[in-house]
Amino acid sequence: MKGFLAICKVELRLFIRDFFGFFFALVFPVMMLLLFGSIFGNEPVYEGADIRQMDISVPAYSVMVIGVTGLMSLPLTLSGYKEKKIYKRFDATPAGKKRVMLAQVFVNFIMTLVGILILLIVGRVLYRIRIKGAFLPVFISIMISIAAMFSMGFLFTAVGKDLKSTSLFCYFFYFVMLFLSGATVPDMLFSDTIRKISAFLPMTYAVDLVQGVFAGDSLGTYGTELLVLGIMTAACTVIGAVLYRKKDWT
């Protein structure tokens, strides 16, 4: 256990030193919150509505944080270690590559929760956001979204032949989903064409699920979202594991 914690400590330092991962997971979502908060304030989404602008923005930006760690930080770290044969070196030590990979997943998971917590604190202090959902449903919705995005990032690493190709997958899918899923711009502003496109993006279902549960809806209301995210998690994990076994990636 001490060995694993020591590896986590090192990986945490590397995460913080990585400007891209640190900035876009912990700083950028807060900047977006402040920007849109200064423009729209925390007014009702429409006249007479009980849901306010920031009440739906904070859960959407929470999915943005999950996307950064799951689709960018984690897969690019795994791919970089793979390309530099770092895992192969760890195989020759008592630590082993599996423990290192587990530590990388754990650190990104913790930083995801930290990023979401910072958003919640800033949203509560500055805009008095309201979370109507109970703790357990909110927590489950976040965990399911994390599992889906992390598994998708894992698949990108398995498919990519090197860091360059993995980066191409990560950047393309992350930014497409970031702007077309409702994670940045509310989907109520989308045209019908964009809505049809967003229906094919996994992050759209994560945004809908987290926003709905934050607003007080039960998990059962989002059966489609849960099914899509669950199937994607299982499929990406299984396919990624099969591809890893077939490739000499250590």
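Treat the numbers as computed from the prediction; the structure is a model and nothing was measured.
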Look at the side chain of [X] and the backbone N and O of [Y], then say whether any donor-acceptor pair between them is shorter than 3.5 Å.
{"X": "Thr69", "Y": "Val65", "result": "yes"}
{"X": "Asp18", "Y": "Leu14", "result": "no"}
{"X": "Thr237", "Y": "Ala234", "result": "no"}
{"X": "Thr184", "Y": "Leu178", "result": "yes"}
{"X": "Lys82", "Y": "Thr157", "result": "yes"}
{"X": "Asp187", "Y": "Gly182", "result": "no"}
{"X": "Gln211", "Y": "Pro59", "result": "no"}
{"X": "Thr112", "Y": "Asn108", "result": "yes"}

So which heavy atom on [X] is nearest to which on [Y], and how close?
{"X": "Ser145", "Y": "Val210", "value": "OG-CG2, 3.6 Å"}
{"X": "Val207", "Y": "Ala60", "value": "CG1-CB, 4.3 Å"}
{"X": "Ser62", "Y": "Leu119", "value": "N-CD1, 3.6 Å"}
{"X": "Ala183", "Y": "Met64", "value": "O-CE, 3.7 Å"}
{"X": "Thr166", "Y": "Gly160", "value": "OG1-CA, 3.5 Å"}
{"X": "Arg130", "Y": "Asp55", "value": "N-OD1, 3.0 Å"}

Heavy-atom side-chain proximity of [X] to [Y] below 4.5 angstrom:
{"X": "Leu126", "Y": "Leu34", "answer": "yes"}
{"X": "Met31", "Y": "Phe23", "answer": "yes"}
{"X": "Thr233", "Y": "Phe150", "answer": "no"}
{"X": "Met111", "Y": "Phe15", "answer": "yes"}
{"X": "Leu71", "Y": "Met203", "answer": "yes"}
{"X": "Leu12", "Y": "Ile110", "answer": "no"}
{"X": "Tyr171", "Y": "Met72", "answer": "yes"}
{"X": "Val159", "Y": "Phe169", "answer": "yes"}

May I ask whether [X] and [Y] are part of the same hydrophobic cluster, defined by side-chain heavy atoms of I, L, V, M, F, W, Y residues being less than 4.5 angstrom apart, directly or through others?
{"X": "Leu117", "Y": "Val107", "result": "yes"}
{"X": "Leu102", "Y": "Leu78", "result": "yes"}
{"X": "Ile121", "Y": "Ile142", "result": "yes"}
{"X": "Phe106", "Y": "Val10", "result": "yes"}
{"X": "Leu219", "Y": "Ile231", "result": "no"}

Sub-6.0 Å ring centroid separation between Phe173 and Phe156: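 Yes, the ring centres sit under 6.0 Å apart.
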field: Check: Phe20 ring centroid to Phe24 ring centroid under 6.0 Å
entry: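 Between Phe20 and Phe24, the centre distance is under 6.0 Å.
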Between [atom1] on residue [X] and [atom2] on residue [Y], distance to nearest 0.5 Å:
{"X": "Leu26", "Y": "Ile118", "atom1": "CG", "atom2": "CD1", "result": "5.0 Å"}
{"X": "Ile197", "Y": "Thr204", "atom1": "CD1", "atom2": "OG1", "result": "10.5 Å"}
{"X": "Met149", "Y": "Ile144", "atom1": "CE", "atom2": "CD1", "result": "11.5 Å"}
{"X": "Ile146", "Y": "Leu229", "atom1": "CD1", "atom2": "CG", "result": "12.0 Å"}
{"X": "Leu120", "Y": "Leu113", "atom1": "CG", "atom2": "CG", "result": "10.5 Å"}
{"X": "Phe175", "Y": "Phe172", "atom1": "CZ", "atom2": "CZ", "result": "12.5 Å"}

task: Dump the intermediate steps for side chain to side chain contact (heavy atoms under 4.5 Å, CB included) on Ser167 and Leu76, then the final yes or no.
output: CA-CA 7 Å; Ser167 299; Leu76 293 182; 3.3 Å; yes
task: Check whether the side chains of Ser198 and Ser181 place a donor and an acceptor atom closer than 3.5 Å, and report yes or no.
output: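 The answer is no; no qualifying pair exists.
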- prompt: Judged by modelled atom types alone, do Asp208 and Tyr222 share a side-chain donor-acceptor pair under 3.5 Å?
  reply: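 Asp208 vs Tyr222: no donor-acceptor pair found between side chains.
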message: For a side chain to side chain contact (heavy atoms under 4.5 Å, CB included) check, start with the C-alpha distance between Val68 and Phe28, then their side-chain angles and the critical distance, and finish with the verdict.
response: CA-CA 10 Å; Val68 171; Phe28 183 69; over 6 Å; no
Side chain to side chain contact (heavy atoms under 4.5 Å, CB included) between Gln104 and Arg99, intermediate numbers included: CA-CA 9 Å; Gln104 291 166 341; Arg99 187 177 296 183; over 6 Å; no
task: Give the C-alpha distance, both sets of side-chain angles, the deciding distance and a yes or no for side chain to side chain contact (heavy atoms under 4.5 Å, CB included) between Ile116 and Tyr61.
output: CA-CA 8 Å; Ile116 294 174; Tyr61 298 154; over 6 Å; no
Within 6.0 angstrom of Arg13 CZ, more than 12 heavy atoms from elsewhere: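 No, the 6.0 Å shell around CZ holds no more than 12 heavy atoms from other groups.
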